[in-house]
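Encoded as structure tokens, the structure appears first; notes follow it.
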Amino acid sequence: MRMPDNHGSTPKGSRRTGWAVVLSLFVLWTVLANQWVEQGCEVGESYGLVLSHGTPDLLEALVLC
């Protein structure tokens with residue numbers, strides 16, 4: 001009896017979990033970037049500021065935007 005060859009295939013659940021994680025991280029990144037937008041920064045700039053500075057402090061937005 002020959003066993004099925006499963007090399008190179010991934011279970012569908014694994015793919016769904018991966019996409020769910022990516023989508024969740026993007027939503028979180030957007031929520032954090034929105035805090036910079038509310039402080040007066042541009043949308044594109046705010047995503048970068050999340051990566052480099054995290055969430056804004058009260059005075060940080062005045063200096064960085």
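Note that the structure is predicted; figures quoted are calculated from it, not measured.
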Side-chain heavy atoms nearer than 4.5 Å, only ILVMFWY residues, links allowed to pass through others: does that put [X] and [Y] together?
X	Y	value
Y47	L51	yes
V31	L49	no
L28	F26	yes
V43	V50	yes

**Message:** Within the structure provided, determine whether S24 and V27 are in side-chain contact (heavy-atom separation under 4.5 Å).
**Reply:**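 Not in contact.
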**Asked** What's the spacing between Q35 CD and S46 OG if we round to 0.5 Å?
**Response**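 Answer for the CD-OG pair, Q35 versus S46, is 10.5 Å.
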**Message:** Pair N34, V37 - check side-chain contact (heavy atoms from CB on, under 4.5 Å), show working.
**Reply:** CA-CA 5 Å; N34 189 50; V37 172; 4.2 Å; yes
**Request:** Without swapping roles, check the side chain of W36 against the backbone of E45 for a donor-acceptor pair under 3.5 Å.
**Result:**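 No; zero donor-acceptor contacts below 3.5 Å.
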